[in-house]
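Report on one structure; see the data block that follows.
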There are 2 protein chains.
Amino acid sequence: MGDLPLVIEGEGRQRILAAAEKLFSDKAFDAVSMNAIALQAGISKANIYHYFPNKDALYLAVLRAASQSLRTLLNDAVDAHGVVVDVLRHFARCHLQALLDRPEWVRLVWREILEKGASRAQEFAEQGFADVFSALVAVLEAGQSRGELRVDFDPALVATLLLGANVFFFQSRDILRHYPHVTFADDPAGYDAGIVEILLRGLIPVSSVDTTSTR
Amino acid sequence: MGDLPLVIEGEGRQRILAAAEKLFSDKAFDAVSMNAIALQAGISKANIYHYFPNKDALYLAVLRAASQSLRTLLNDAVDAHGVVVDVLRHFARCHLQALLDRPEWVRLVWREILEKGASRAQEFAEQGFADVFSALVAVLEAGQSRGELRVDFDPALVATLLLGANVFFFQSRDILRHYPHVTFADDPAGYDAGIVEILLRGLIPVSSVDTTSTR
DNA sequence: GTCTATATTGCGATAGAC
DNA sequence: GTCTATCGCAATATAGAC
C-alpha cells in the first residue's frame with residue numbers, strides 16, 4: 001500500500017503560490033482576485049481556501065517566498081575574491097543580473113514597499129537587503145583599510161549609491177530606452193562596468209585634482 | 001450683468017482633484033473608492049460624476065496634473081551658473097529637495113510606472129523627466145568640452161547614476177534608517193554632497209591612479 | 001450643481017456534495 | 001482535496017428630486 005507516489009509534497013500549494021506570485025507582481029493586491037488566481041493555477045477558487053485561510057495570508061506567503069528567493073540569489077554576489085576593484089565590479093554585475101533575472105520578485109517586493117511605506121520597512125530591512133548591504137559595506141571598508149581606496153568617504157553612502165544605481169536602472173529601463181542619449185538601456189553589463197569605473201576614478205581629470213585639499 | 005464673481009474657475013473640480021491626488025498617492029487605484037474621495041473633498045459622491053465621466057478619467061486627470069507639477073518643480077534645478085562642479089552640486093540638491101517636497105506626486109507617478117510598465121513609459125519619458133535628464137546631460141557635456149571633466153565617460157550614464165541615487169534615496173529612506181551603518185537617512189543635503197564629491201573625485205587615492213591608462 | 005436613493009456588478013468567503 | 005453554488009457585502013455608476 002505504500003508504493004503510491006504521494007506525488008510532490010504540497011503540490012497544490014506550490015501551484016497556488018506560483019500563480020499568485022505571477023499575478024501579484026503584475027497588479028496590486030486589490031486588483032488581483034481570488035478567482036483570477038484560481039484560474040491561473042488551474043484549480044477552483046474554493047480550493048485555495050483549503051490551503052490558505054484568506055487572501056491576506058496567501059499574499060504574505062508569496063511575499064515571504066519572494067523575499068527569501070531574492071536574498072539567496074543575491075548572496076552569490078557577496079563572496080568574491082581578489083583586489084577590491086575587481087570585487088566591486090563582480091558585485092555590481094551579479095547584483096544587477098539578479099534583479100533582471102527575477103523581475104517578478106523585485107517588482108513584488110518593491111510594490112510592497114511603496115504600498116505599506118514605513119510600516120513594513122523594518123521587516124524588509126532585516127529580511128531582504130540587510131546582508132547584501134552589509135556585505136558591500138564590508139568590501140568597501142576592507143578596501144579602505146588596505147589602502148586601495150580613499151579613506152575620506154562614507155562606505156554606507158557608496159553602497160547606497162551603487163545599489164541605487166542598479167535598482168534605478170532596473171526600474172527605469174523602459175523609460176531610459178526612449179532617450180536618444182542613452183545607449184546602455186539594453187546593455188546591463190556595460191552599464192555596471194561604466195558605473196564602477198566612474199565610482200573608482202571620478203569625473204575630474206587627474207591632472208586638475210587639487211591634491212592639497214585632501215591633506 | 002457681468003459683475004457676478006463667477007467664483008473660482010472650476011473650484012469644485014480642483015477640490016476633487018486635490019482629494020483624489022492625496023488618496024491615490026497613498027493607496028493603489030482599486031483601494032481608493034469614489035466614496036472616500038467624495039468624503040475627503042467634502043462633497044457628495046454623485047457630484048464627482050458631474051465633473052468626471054468615471055473613475056478612470058479622474059485618475060488620469062490626477063496623474064496628468066501631478067506629472068506636470070513635478071516637471072515645473074524640477075525645472076528649478078536646471079538653471080544654475082558657475083563652474084561645472086558647483087552646478088552639479090546645486091542640481092543634485094535641488095532635485096532631491098524637489099522629490100522630498102512633494103512625496104505624493106513622486107509616489108503617484110512611480111506607482112503608475114510600476115503598475116503599467118512599459119505601456120505608459122514613453123508618455124512619462126516625454127512628459128515627466130525628459131527635460132531634466134537632458135539638462136543634466138548638457139551640463140556634463142559642457143564640463144567635458146571646457147576641460148573641467150574627463151572626456152572618457154558617458155554623460156547619459158552619469159546622469160542616470162545621479163538621478164538614480166536621488167530617487168533611490170527617496171524611495172528607500174525608511175529602510176535605510178534601520179541600518180546601523182547609515183548616518184545620512186535624515187540628512188538629504190549631506191547625502192547629496194557626499195554623492196557629488198565621490199562622483200567628482202572617485203574612490204581611488206590620487207597617488208595610486210594609473211595615469212598611463214588614460215592616455 | 002448638488003443631493004438622496006437605488007440599480008448593478010464583482011468581490012471574498014462559506015456550505016456542502018463528491 | 002476538489003468541486004459547484006451561493007451568501008453577504010462593498011464598490012461603481014445611474015436616476016431623478018431640489
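Just so we're on the same page: letters track the sequence lines, and every chain starts at 1.
- Ion pairing between A/Arg201 and A/Glu197 holds under the 4.0 Å rule for side-chain N and carboxylate O.
- When the C1' atom of C/dT9 is taken as reference, atom NZ of B/Lys55 falls 14 Å away, rounded to whole Å.
- Using a 4.0 Å cut-off between charged side-chain N and carboxylate O, A/Arg89 and A/Asp192 make no salt bridge.
- Looking at residues two or more places apart in sequence or on another chain, you find a ring-ring contact (aromatic ring centres under 6.0 Å, His included) between B/Phe133 and A/Tyr179.
- Contacts with DNA chain D (heavy atom under 4.0 Å) in residues 28-42 of chain A: none are found.
- For B/Arg64, the CZ atom counts as loosely surrounded, since its 6.0 Å shell holds 12 or fewer non-hydrogen atoms of other residues, nucleotides or ligands.
- Outside the 6.0 Å centre-distance limit, the rings of A/Phe168 and B/Phe168 are not counted as a close aromatic pair.
- Looking at B/Tyr51 and B/Gln14, their side chains never bring a donor and an acceptor atom within 3.5 Å of each other.
- The residues A/Glu115 and B/Lys27 are annotated as not salt-bridged, no charged nitrogen and carboxylate oxygen being separated by less than 4.0 angstrom.
- One atom, CD of B/Glu11, and another, C1' of C/dG1, lie 12 Å apart when rounded to the nearest Å.
- Of the possible polar contacts, none joining the A/Ser67 side chain to the A/Leu63 backbone as a donor-acceptor pair under 3.5 Å is found.
- Listed in residue order, the members of residues 44-51 of chain B having a heavy atom less than 4.0 Å from DNA chain D are B/Lys45, B/Ala46, B/Tyr49.
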